[in-house]
Amino acid sequence: MPPLLGIEFLCKVADVISEYLGGITEDLIKDNFVIVYQLLDEMMDNGFPLTTEINTLKDMIAPPNIVSRMLSVVTGGSSNMNTVLPIATTSNWPWRSTDVKYSNNEVYFDLVEEMDVIVNRDGFLIKYEVYGEIRVIARLSGVPELTMTFANPSIINDVSFHPCVQFRPWETHQQLTFVPPDGEFKLMSYRVKKLKNTPIYVKPQFSSTGGLCRVSILVGIRNDPGKQIDYTTLEFPLPSSVASWDLTANHGNISSSPGSKTLTWTIGKMPKDKSPCLSGTMHLEKGMDHLEEFPTLLVKFKIMGIAMSGLRIDRTDVRNVTYSPHKGFRAVSKAANYEIRT
Amino acid sequence: MPPPPPHRPTSTSTPSGKGELAELKTQLRQLAGSRAPGVEDLKRELYKKVISYMTIGIDVSPLFSEMVMCSATSDVVLKKMCYLYVGNYARVHPDLALLTINFLQKDCQDEYPMIRGLALRSLCSLRVQNLVEYLVGPLRSGLKDTHGIKDFSEWAQCLVLEMVAKYVPEDPNETFDIMNLLEDRLQHANSAVVLATIKVFLNLTMSMADVHQQVYERIKAPLMTLVSSGSPEQSYAVLCHLHLLVMRAPVLFSSDYKHFYCRYSDPSYIKKLKLEMLTAVANENNTYEIVTELSEYAANVDVAIARESIRAVGKIALQQYDVNAIVDRLLQFLEMEKDYVTAETLVLVKDLLRKYPQWSQDCIAVVGNVSSKHVQEPKAKAALLWMLGEYALEMPDAPYVLEGFVESWAEEESPEVRLELLTAVAKCFFRRAPETQKILGAALAAALSDAHQDVHDRGLLYYRLLQHGVETAERVINPPKQAVSVFADTQSSEIKDRIFDEFNTLAVVYQQPSYMFLDKEHRGAFEFSDDTSTNASVTESSETMLASQSVDANDNDLLLSASEKEDTRGNLVSNGSSSYVAPSNSLIDGLGSFTVPPAASSLPTASFAIDDLLGLSLSTNSPESTLAQPSLVLNAKPALNPGAFQQKWRQLPVASTEDYGLSSQAAANLTGPQPLLKHMQTHLIHCIASGGQAPNFKFFFFAQKSNASTGLGYFLVECIINVTARKCTVNYKTDESDLLESFAAVFKSAILNFGV
């Protein structure tokens, strides 16, 4: 049994159920047992995964809503199963039904990038990668064919695509060609490695002697991305030998959840005119002279409106339809695994 | 969906059931030819009834022909129910199944693709052997079907790819065609598809070394992308596969080492895999960076990972030529003054010295500064002792440190440490006799009165060797050593190949070939020949079963193999001692395995009075002579898992084979393995595996003497019983050979008492 077949399928089941029920909890499953059962029946056939495309499933099994519940109460009626087999199951685009109709045709592209950064004890950047995804929300009538090109596709290190993307156009001229599923989906994911310039710097200093540890952590903008660095926080797991601490910040506030030995320094919007600084002392437990464990700081922030990898969408076209849809683009970069070792 | 089943007994022959069946039969017949409107709904009701009877166990197979007759319909629901019915009875009634072939074949050409698909599936799942020939045609046309089957869903792709992986292309061109066709699958969002494709690529190019290597290059990026995306479960499963590939061809991944850096937030199981990969890919170009990275983990909050990291540094040192920088790092670890860091480092420094004796000066200087009070773990103590013995000349205070250890001999719990201490003192003695003489005497005395068999035996061996002459003893105990060039791998390459063959299965995630974790299901049924006296096949099957555990044997701790080798050497001497003669005031009463000729001291007189030298008088230091004849008390709750059992079974020779005759009551009681298991358990003899059917049974039993050290004092028994012949053949194996007779007596009386 291929392990990933099982894991992927379970992830799909979880996705589909949460899409249907708006979440996946024990109570929700109990309340909607019939639907869950029907879904599983369609998704797994004779021991093999069968129909897992959310759009196709929605054609077969109506998601629960107030009307259908009322109806079943009033009529005592039984089934929310569609008696006709959806066309999509046998069409060329199994992820899309052919009779999609919208009065306002629109398509949105979201570039979401997550930064994976490790800065070592000596302050050197030893790893900086971006893992990115393009998420699409398509509300388009008919069977539109979309193409998308990038201004700088060569920076991409590795890609993986939604099944709707045709491989050849990408192979020959790095163009994404696809008939999108209806609604929200992940068009592609990619990885860009060996990046150099992190947007911020973090300079931690710990000097401990005689049971005291002096702390100073300086945070600032290194390479201005041109957009606001926001939602900045710094997580500081206290070493186990720390008995008490007395730390203050000249910007933002410090909090610690009771019970856990992690301090969270919330900076928020990164100021451009000064460098936030956290400083003070930590008292070590009795008998400890100096710090033996070195904490790893985790930095989180978000930058709206920019993809840190530098990837840029050049143009997108919608063909095979008579209307010209509204197109929207957004980008956001997040620090996902941004760790500073001390 | 089916209506609630009627409350009736599920027997197949209730009279009311018969009446009902007849009624259903007539109704179905009436509907079969009818084309009246609404007839489909009536059919559905009837079908539902039939199916619900079927599911509660009523035999509705008499309706078979009527059901088939009624299935001439375009209603998908009816078809589906009919196929369910047919599939259920075809296996049990192959004659009836033949009836369905015709209509299933016809349905395979139905205008609705859904029905075509369903019919083909039902046809394929009839599982009646002589009907297979009817399958070929519909399957072939199914493959050419223009509808729906053209594009496989991502799940179906996984299955197809799995089949492609088994295909052997006719020539390289075909291989390349297949790979070109499938290359885009590596970019699929579904990791199951990607992994299945990788398997195809790896399998296809197995015999083309160059291309195989290119495949590695090609699949690297997609695998690493999958590791960094997706859920932790996905990440881990993919990482296990990446790990397997890295271990097979570390060179190809040596520039990607940064991918294996551990994140603070990674769970330990992922960190562990990453550490192993970092170790594997280290080469001249990246060692410095990798070791720097690993050193950062040594201060990790997660102690287990900190330990692993230090071990990883050591392993890298052992596989490199230029270890200069690494030695410095290791020695810095000792300065961290954390007990577990010191412990791990000492073990590593010891191994390093075995491979690179030229580093002894630097290492010994630092090791000499380690206070033995900070060394608590047995492994680390043993390593420190080894260095004290080996480098006694370089460490001025070696004898005095050893003296401290000998003085606290009684408090030392680990026999491993006591063994190492004895050897270290002996080695120190050969180098610095005047200072060590007294300590050696004390150590030998302590060893001879040691309760642990191995320690005692080694003490005895050393003692006698020294009696022979110090030079002889030195030749055996401390011969000139050659530096170790390669340390044995923990997992045999055969096992690794087996796992690789099972790429994209759980074998990779478990890091074990499937037969090792699937064994249990098969363990119950041994194959027996009719006659138990022809044991060949039985032995063979157990051999294969045991061979499956061979990995464990290789998995011993390599790090102590120096002392173990000395051990083996010691054992060789003592085991090969058929001509061995003990001194007249035999120390070895009670050591049944030695042959002790009565009172004949043909021992050549030692060239000098060794007794005096050692300050050890035999008469006062031979506690064995006071030992009583061995008596056997069995442990009431011995612990031995099947894996350990198999390993022991393979390692130990058959100590004795006995045939016992069983009483007729015993034979009568032995209808299955269970009664005997319970019976033997009351005699503290436990069963680990049993199998067979009357009249032949086979059991594996084990027992352990009480107060035995962990992992020792076991008696293993293979017991083959033929009930008809009332004969019982028993093979004993044990690591406690002096108590075997007592145990055999216990076992015999236990088994002969069965049924009495």
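The chains referred to below are lettered A, B, ... by the order of the sequence lines, with proteins before strands, and numbering in each begins at 1.
Classified by interplanar angle (parallel below 30°, tilted 30° to 60°, perpendicular above 60°), the ring pair A:F178/A:F185 is perpendicular.
Contacts with chain A were tallied for B:T505, B:V238, B:V508; B:T505 has the most, counting heavy-atom pairs under 4.5 Å. Of the listed residues B:E233, B:H259, B:E502, B:K199, the one with more heavy-atom pairs under 4.5 angstrom with chain A than any other is B:H259. If you tally non-hydrogen atom pairs under 4.5 Å between each of A:H162, A:R341, A:K127 and chain B, the highest count goes to A:R341. Taking chain A as the reference chain and counting heavy-atom pairs below 4.5 Å, the highest number among B:E289, B:E296, B:K258 is found for B:E296. Note: A:T52 leads A:D122, A:T52, A:I118 in heavy-atom pairs under 4.5 Å with chain B.
Each of B:D184, B:N504, B:L182, B:I219 was compared with B:T197 under the side-chain contact (heavy atoms from CB on, under 4.5 Å) criterion, and only B:L182 meets it.
When heavy atoms are compared at a cutoff of 4.5 Å, A:R121 approaches chain B by way of both its backbone and its side chain. Residue B:D266: no heavy atom, backbone or side chain, is found under 4.5 Å from chain A. At a 4.5 Å heavy-atom cutoff, the contact between A:I7 and chain B is made by side-chain atoms alone. Interface remark: B:L226 contributes no atoms to any contact with chain A (heavy atom separation under 4.5 Å). The contact between A:K193 and chain B is made entirely by side chain atoms (from C-beta outward), counting heavy-atom distances below 4.5 Å. Of the atoms belonging to A:E339, it is side-chain heavy atoms, and not backbone ones, that fall under 4.5 Å from chain B. Contact of B:L195 with chain A is made through the side chain alone, with heavy-atom distances under 4.5 Å. The part of A:N337 that comes within reach of chain B is its side chain, from C-beta onward, which places non-hydrogen atoms under 4.5 angstrom from that chain. If you measure heavy-atom distances from A:E114 to chain B, you find no contacts under 4.5 Å at all. Only the side chain of A:E129 comes within contact range of chain B, with heavy atoms under 4.5 Å apart. For a residue to count as touching a neighbouring chain, one of its non-hydrogen atoms must lie under 4.5 Å from one of that chain's; by this rule A:L10 does not touch chain B. Within the 4.5 angstrom heavy-atom criterion, atoms from both the backbone and the side chain of B:T225 approach chain A. Looking at B:E154, only its side chain comes within 4.5 Å of chain A, counting heavy atoms on both sides.
In this structure the side chain of B:W155 reaches within 4.5 angstrom of the side chain of A:K12, judged on heavy atoms.
Cation-pi check for B:K220 over B:F253 is met; the charged atom lies under 6.0 angstrom from the ring centroid and within 45 degrees of its normal.
In summary, the aromatic rings of B:F503 and B:H241 are positioned with their centroids under 6.0 Å apart. For A:W170 and A:F161, the ring centers are positioned less than 6.0 Å apart. Between B:Y297 and B:F260, the distance separating the two ring centers is not shorter than 6.0 angstrom.
The CD atom of A:E235 sits 9.5 Å away from the OG atom of B:S265 when rounded to the nearest 0.5 Å. Between the OH atom in A:Y131 and the CG atom in A:D158 there is a gap of 10.0 Å [rounded to 0.5 Å].
Under the 4.0 Å criterion applied to side-chain N and carboxylate O atoms, A:D116 and B:R263 are assigned as salt-bridge partners.
Within the 3.5 Å criterion, the main-chain N or O of A:V112 finds no donor-acceptor partner in the side chain of A:D110.
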